[in-house]
Amino acid sequence: MTIHKKPAASALLSWYDRHHRELPWRISPAMARRGVKPDPYHIWLSEVMLQQTTVAAVKAYFAKFIALWPSVDDLARAPAEDVMVAWAGLGYYARARNLKKCAEAVAADHGGRFPDTEEGLKSLPGIGDYTAAAVAAIAFNRQAAVMDGNVERVISRLHAIDGPLPGSKPQMKEKVAAMTPADRPGDFAQAMMDLGATICTPKRPACALCPFNDVCLALATDEPERFPVKAAKKEKPVRQGAAFVAVDEDGHLLLRRRPDSGLLGGMTEVPTTGWTARVDGETGTDAAPFAADWQACGTVTHVFTHFELRLGVYRVHLARTEAGAVHGFWAPVTNLDAEALPTVMKKAIAQAIPSAFSTTKG
DNA sequence: TACTCGTGGCC
DNA sequence: TGGCCAAGAGT
């Protein structure tokens, strides 16, 4: 006799009790049983950092932020520039700008306490469908349907959903909602994500260890890796430009601040041409911040989400008076960690001045 | 809806 | 080694 079984939250929670990962922002089931409650500020901060970002990359930044700003009120009072400096290197810098705005809103409009419902959370900057549900479930024990990329993969396999993403998202969300228990919804959400991260992986899933291997329709097809089906990707264009690294007689570097919106918004850069400009021979230094004896010192390549950038790097050493009035500011090359430099700019600076980040990360 | 928006690790 | 992917949000 064959009985069609549905995937049960209880099977997953049992697996989670035995196999969950310890994470700095997480309250383990054992701690929860002792009455330890999650700090909504920690949950929110970690969830924003984890948007499209790996756990490994987030850990150090989470520790830094908690040390610098122990509460949401502290973060609300911090200078925005300090937040951008602390976020530098983590990517998707709109998150940092919205993080600050969200902290200010919580401090000013909610008495320093996060809203405890999905709806209230989603009204805040930088909190969308996923993060609202995750914070509601994990921090406030709300029965919210939490769906990230991990959960999409797990659900698409459990139900062998053929419809390609992102169009099939609503259908998957219904499946998650139907499965989410009233008891321990936060642990359930974290369990689904842990399962996707460690067992139901994109390649070579460990189905033999999966608590759902008796009900998974994708496994029954013998091609679990075929799911989730995704729309075809667009080709990644190449853009190019030139970056100019000027160093004065005191070892100061000419930097600029990028506009607040758009790519690398609000971050610091060395002067560059536009990123579609040709860089061939003598035309390369036409758009330099000032006329000087610019020396070509190689090229750096950096891959963004939707294009690849190739920057020809030029450098010059000169007295600051020779540079004249420039747009930007001069910062000591020995203290670049104090600047909100995205990785692509650290690469360009390191190309011109190999020792610039030798004692730090780079 | 479809596009914009970073970075690092993985196989 | 290069494509893929990661606890997505804003517009």
Side-chain angles (χ1 to χ4, degrees), chain A residues 20-21 23-26 42-62 84 87-99 101-102 121-139 144-154 164-167 169-170 173 176 186 188-198 200-204 225 228 230-239 258-267 269 301-309 340-347 361-362:
Chain A
H20 71 85
R21 296 178 291 173
L23 298 173
W25 46 85
R26 172 175 286 177
H42 290 189
I43 301 301
W44 162 73
L45 178 61
S46 67
E47 290 299 344
V48 173
M49 288 183 166
L50 286 162
Q51 290 165 8
Q52 295 291 284
T53 308
T54 58
V55 167
V58 163
K59 281 182 177 175
Y61 284 87
F62 178 80
M84 300 310 289
W87 195 277
L90 196 55
Y92 283 141
Y93 298 101
R95 292 185 296 173
R97 301 193 295 272
N98 286 329
L99 189 83
K101 289 181 193 168
C102 183
L121 288 160
K122 203 182 162 181
S123 70
L124 294 167
I127 299 186
D129 287 338
Y130 163 76
T131 304
V135 174
I138 298 169
V146 178
M147 191 170 76
D148 73 327
N150 288 303
V151 179
E152 286 173 7
R153 189 167 55 254
V154 171
L165 285 166
K169 254 182 158 177
K173 187 80 174 274
V176 178
F188 174 79
Q190 295 177 92
M192 287 286 278
M193 293 188 281
D194 271 23
L195 188 72
T198 63
C200 194
T201 47
K203 303 295 180 188
R204 295 174 57 111
E225 277 189 26
K230 295 189 175 181
K233 312 199 162 164
K234 289 179 52 179
E235 190 177 347
K236 191 168 285 191
V238 176
R239 300 181 190 175
R258 292 177 63 85
D260 280 324
S261 62
L263 185 73
L264 306 177
M267 301 295 285
E269 65 175 4
T301 296
H302 191 77
V303 181
F304 291 94
T305 305
H306 53 295
F307 66 93
E308 175 181 322
L309 177 64
L341 287 167
T343 297
V344 60
M345 293 301 156
K346 289 190 174 182
K347 281 188 189 177
K361 178 185 159 189

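Protein chains get the first letters and strands the later ones, always in sequence-line order, with residue 1 at the start of each.
Residue Gln190(A) comes nearest to Arg26(A) through the heavy atom pair OE1-NE, 2.9 Å, listed as atom of the first residue, atom of the second, then distance. When every heavy atom of Ala144(A) is checked against every heavy atom of Ala133(A), the shortest pair comes out as CB-O, 3.7 Å. Smallest separation of non-hydrogen atoms from Gly196(A) and Asn150(A): C-OD1, 3.4 Å. Contact record, Arg153(A) with Ala197(A): NH2-N, 4.3 Å, taken as the closest heavy-atom pair. A pairwise comparison of heavy atoms in Thr53(A) and Arg95(A) identifies OG1-NH1, 3.0 Å as the closest pair.
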Might you list the N or O atoms of the protein lying below 3.5 Å from N or O atoms in nucleotides 2-4 of chain C, with each pair's distance?
none

Please write out each protein N/O paired with an N/O of nucleotides 3-5 of chain B under 3.5 Å, distance rounded to 0.1 Å.
residue	atom	partner	partner atom	Å
dC5(B)	OP1	Leu263(A)	N	3.3
dC5(B)	OP2	His306(A)	NE2	3.1

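Qualifying ring pair (Phe, Tyr, Trp, His ring centres under 6.0 Å) partners for Phe62(A), counting only residues two or more places apart in sequence or in other chains: Trp25(A), His42(A). Partners of Glu269(A) under the salt bridge (charged side-chain N to carboxylate O under 4.0 Å, His left out) rule, at least two apart in sequence or in another chain, are Arg256(A), Arg258(A).
Nucleic acid contact for Pro166(A): none, since no nucleic acid atom lies under 4.0 Å from a heavy atom of the residue.
The distance between the ring centers of His302(A) and Phe304(A) falls below 6.0 angstrom.
DNA chain B is contacted by no residue of residues 131-139 of chain A, taking any non-hydrogen atom closer than 4.0 Å.
Distance noted for atom P between dG8(B) and dA9(C): 22 Å (whole Å). For the P atoms, the distance from dC5(B) to dA7(C) is 23 Å, rounded to whole Å.
Between the OH atom of Tyr61(A) and the C1' atom of dA7(C) there is a distance of 18 Å, given to the nearest Å. Here dG10(C) presents its C1' atom at 13 Å from CD of Gln52(A), a figure rounded to the nearest Å. With rounding to whole Å, Leu50(A) atom CG is found 13 Å from dA6(C) atom P. Separating the CG atom of Leu90(A) from the C1' atom of dG9(B) is a distance of 14 Å, rounded to the nearest angstrom. Protein atom OH of Tyr130(A) is 13 Å distant from nucleotide atom P of dA6(C), rounded to whole Å. As rounded to whole Å, 17 Å separates atom P of dG6(B) from atom CD of Glu308(A). Between Phe188(A) atom CZ and dA7(C) atom P there is a gap of 16 Å when expressed in whole angstrom units. A straight line from NE2 of His42(A) to C1' of dA7(C) spans 17 Å, rounded to a whole angstrom.
Listed nucleotides dT7(B), dA6(C), dG6(B) differ in distance to Val344(A); the shortest reach to its side chain belongs to dT7(B). Ranking dG10(C), dC5(C), dG6(B) by closeness to the Lys230(A) side chain, first place goes to dC5(C). Of the listed nucleotides (dC5(C), dG6(B), dA7(C)), dG6(B) has the atom at the smallest distance from the side chain of His302(A). Taking every side-chain heavy atom of Leu23(A) into account, dA7(C) is the closest of dC5(C), dA7(C), dG8(C).
In this structure, Arg153(A) reaches the dA6(C) phosphate: one of its side-chain N or O atoms is under 4.0 Å from OP1 or OP2. Phosphate proximity of dG8(C) to Gln51(A): absent, as no side-chain N or O sits under 4.0 Å from OP1 or OP2.
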- Task: Apply the test side-chain hydrogen bond (donor to acceptor under 3.5 Å, both in side chains) to residues Tyr130(A) and Glu47(A): give CA-CA distance (whole Å), side-chain angles for both, the deciding distance (0.1 Å), then the verdict.
- Result: CA-CA 9 Å; Tyr130(A) 163 76; Glu47(A) 290 299 344; 2.6 Å; yes
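Within the 4.5 Å cutoff, no side-chain heavy atoms of Ile127(A) are placed close to those of Val135(A). At least one side-chain heavy atom of Tyr92(A) sits under 4.5 Å from a side-chain heavy atom of Gln52(A). For the pair Met49(A)/Ser46(A), no side-chain contact is recorded, criterion being any heavy-atom separation below 4.5 Å from C-beta on. At a threshold of 4.5 Å between non-hydrogen side-chain atoms, the residues Val146(A) and Phe188(A) do not count as touching. Counting heavy atoms from C-beta outward, Leu165(A) and Glu152(A) have side chains that approach closer than 4.5 Å.
Remark: Asp129(A) does not engage Lys169(A) in a salt bridge, criterion side-chain N to carboxylate O under 4.0 Å.
Along DNA chain C, the nucleotide nearest Trp25(A) and the nucleotide nearest Ile127(A) are compared for position; the residue whose nucleotide lies closer to the 5' end is Trp25(A). Both Gly167(A) and Lys236(A) lie close to DNA chain B; mapped to their nearest nucleotides by heavy-atom distance, the more 5′-ward contact belongs to Gly167(A).
For Thr343(A) against dG8(B), a side-chain-to-base donor-acceptor contact under 3.5 Å is absent.
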- Message: Could you write out DNA chain C as dot-bracket? Rules: Watson-Crick or G-U wobble, both distances under 3.5 Å, brackets [ ] for crossings, | for pairs with another strand, dot for unpaired.
- Response: .|||||.||||
